[in-house]
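Quick note on labels: first sequence line is chain A, next is B, and so on, each numbered from 1.
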Amino acid sequence: MNLFHELLFDYTLRNVALGCMILGTVSGVLGSFAVLRRQGLLGDALAHAALPGVCFAFILTGLKTPIALLIGAALSGWIGMLSINQILKRSRIDSGAALGTILTVFFGFGVVLLTVIQKSYAGKQAGLDKFLFGQAAGLVAEQVLTMAILSIIALTVVVLLFKEFKVISFDPEFAQSISIPTHVVANMLSALLLISIVVGLNTVGVVLMSAMLVGPAAAARQWTNSLKKMLLIAASIGTISGLTGALISVLGTKIPTGPVIVIVLSLIVLLSVLFGSARGVVWESLRRRKRRFVEGQR
Amino acid sequence: MNAVEIRDLTVAYDENPVLWDVDLDIPMSTLFAIIGPNGAGKSTLIKAALDLIPRAAGTVRILGKPYREVRKKVGYVPQRGSVDWDFPTDALDVVLMGTYGRLGWIRKPGRAEHELAMHCLETVGMADFAHRQISQLSGGQQQRVFLARALAQEAELYFMDEPFAGVDATTERAIIDVLRELRAKGKTVVAVHHDLESAPTYFDRVALLNVRMIATGDFETAFTQENLVKTYGGRIAVLAK
Amino acid sequence: MSVVLGIALVAVATSSACALCGVFLVLRRLAMMADAISHSILPGLVAGYVLAQGPNLLTGFVGAAASGLLTVVLVEALTKSRRVKEDAAIGIVFPALFALGVFLVTKFFDNLHLDADAILFGVIEYSPFDEFKLGSLMLGPKSFWVMLGLFVVNAMFMTTFFKELKVSTFDPELSKALGFSPSLIHYSLMALVAVTTVGAFSAVGAILAVALIIVPAVTASLLTYRLKQMVAISLVIGATCGLVGFWLATLVDVSISGMIATTLGAVFLLVFLFAPNRGVVAQIIRRRRQSARFLAEMLAVHLDSHEGTSDEDEESRIGHLITEMEWAEPQADAAIATSTNLGWIVQTGDRLQLTSEGRRIAQSVRNR
């Protein structure tokens, strides 16, 4: 009861818990599409590619307008994605190498800008580290509100265009043949993916963002064979890991929130792969053993 | 009016032509086979007709008009191997995708669409599998689901890329029944086909293609030993007994 | 030893050691495994330090290699279960291990300088101050000797098993048939990547280590098809960018590792745009040049296939190129001009006719 009370009325805990839950929901849904379109690592690359944009936005506006940092992050992530697409289109470089190149180069450039900032704005950039490596414990109400608004926008688009997103994820060629502009819809999905990454940056940070996108989707897939249910389950798993992680880290220990969320999430993935009702490995091997037993009896 | 009229179609990937100056007329209400060896450009021909890939030269008229003006009257069955069958969806849901083109943006399929999709599944003998996850279907059953999806497009003209590839005997019979039913309703079917033996019994007319058009017409005139040798080179010896 | 020389040595040794592993990793389409391993060695490194009760190089290496291999095993297990596809498996395994690593750091080394910034960015700037001493002899930065050692280990592995690596990279089935276990080679290569990353990461940070592994090899792959040349070019690009990046960083006083990655990116961009054969510019020029000829060829084939047929008269009209072949007017003009110049066609009124040369060309291009 005490915990419940604190969750509602403790300012810090409420913000952290809400922020992590929002992130879990939106990244669960958009990560599902990314995973189904075999872009499981795109989120990781785009999260890293966001760094130079954040730095430029900081140099231009300072920390007074957090929304500018988000926009900077999204823009530079978008440029990263366009670069990846161009590399894939105009050379024989495989997608992994293209992702790796853009990820490291953009991030490296971001680090250069970061040192520029450290030099010229000594002391004032304290908030910037949080922005990059995520410090859920430092979330304030205003940030949570921004996250909520962005997420609601993203989720509304998913609800409205669910049918289009489904068909281009399953069979892009057929989608194009019925005059769905495949590129436009795919770009919209990527834009929404970027929104969820931007939402995640100041909560779990660059490195762990990949898990927030891939984890809920990979786990949810084991419990259902329907896309709609998969999205709902992924959102729930994301939300639950967010909440659990926030509670464990704020209440129990001094361990940063992001890693706790990811550890919880990874355990859920492991349990789902083993025991998921739709595709759990354990059920299949039990069935196989039973069949072998029955055949042995004959 | 012909169902399909292709004039001077050349398609190239990076300046390497896969189709050279192809002319083709496909009359209405026919079952039409496109036949040729691997790499002959059969799938490319269909994709170019559907505006899925750019053309280096040539015009395509479908029902007398450019594709984008008549796309709602055209159904498409891609190759089965072109999608990830592990996708979280069931047979009925895939068939429902056939109604998406008519529905347009944002609108979701309603009861009428569900009934239509169920009916199409029945037509291909797959009604019992409506709620089966698609990865749990056999290759032939997956092919029938794709066919049902095209039927749900309620088109006048259907393009099918290798509908008989790797399917079981039941599926083959089910598909050919559906094709004949479509013809009886005045629809046109253009299919890429690779089995020379069954082609004359399944289809009305044929085009022999190997990068360029070798011959086209009814089986009597076009499907001759000489044309087959031209299409397949020496490899035909075994097949043409 | 001077600070500048010390850093330069570390930069060159690190980039060379990394570039060597990178070539095979990139050719095996495993570039993102380098990214994954560079993050997931953290728990192993920390566990190694915990066992040695302090930052011990040897236990650190062993732990890191072990968790690098654990990453490979876990990704493979998840992929083989067919429940999760490979990209998603990588995307969940490395953050999980990284998170575990951060957990261990906060648990055991809260006071130690092993924070996330240092892990990701590295502090090559400090490397000259940690010198390798032999008695009273100062032998330069420790990181330099570590990376030189790793470079030698990598080079020895690559030269000894060059043939096996080559076969198992391009044809795993053949490799198996010849008796070189592809998975043994795979795991050895991954262990080397892990160990090299650990060495590189204390000097230049995890992300730059990945940049140094992937980017030179990717860039080299745009410049040559030959494996040995690719190795050589990667080494040159890695080492040059290491030095140039360092020099630029001192010039404007910014992060050295960040600047090296940026330089690598700039070189990649230049090569991507201007590589002699596969560069974007070369492609555009080739396409321009070919497209005039290709238009002429299409015209020749078109005229040839209608020669002697009943519709020849209509098909050879200039206007027909625009209505039926759907060419824009400039395309049609270009095709006619090029063909006329090449002596493939002659024009009478608005009719086009093939010359015997044109006929020969049409038949030969159609059959190629």
Heavy-atom proximity to chain C below 4.5 Å, by part of R61(B): neither

Closest heavy-atom pair, H320(C) versus D8(B), reported as atoms and distance to 0.1 Å, is NE2-OD2, 2.9 Å

Minimal non-hydrogen separation, W327(C) against A56(B), with atom names: NE1-O, 3.0 Å

Check against side-chain contact (heavy atoms from CB on, under 4.5 Å), H306(C) and D23(B): CA-CA 10 Å; H306(C) 293 283; D23(B) 291 332; 2.8 Å; yes

Taking atom NZ of K108(B) as the centre, report whether more than 12 heavy atoms of other residues, nucleotides or ligands fall under 6.0 Å from it. yes

Within the structure provided, determine whether M298(C) and W20(B) are in side-chain contact (heavy-atom separation under 4.5 Å). yes

Among D84(B), L9(B), V211(B), which residue forms the greatest number of heavy-atom pairs with chain C at distances under 4.5 Å? D84(B)

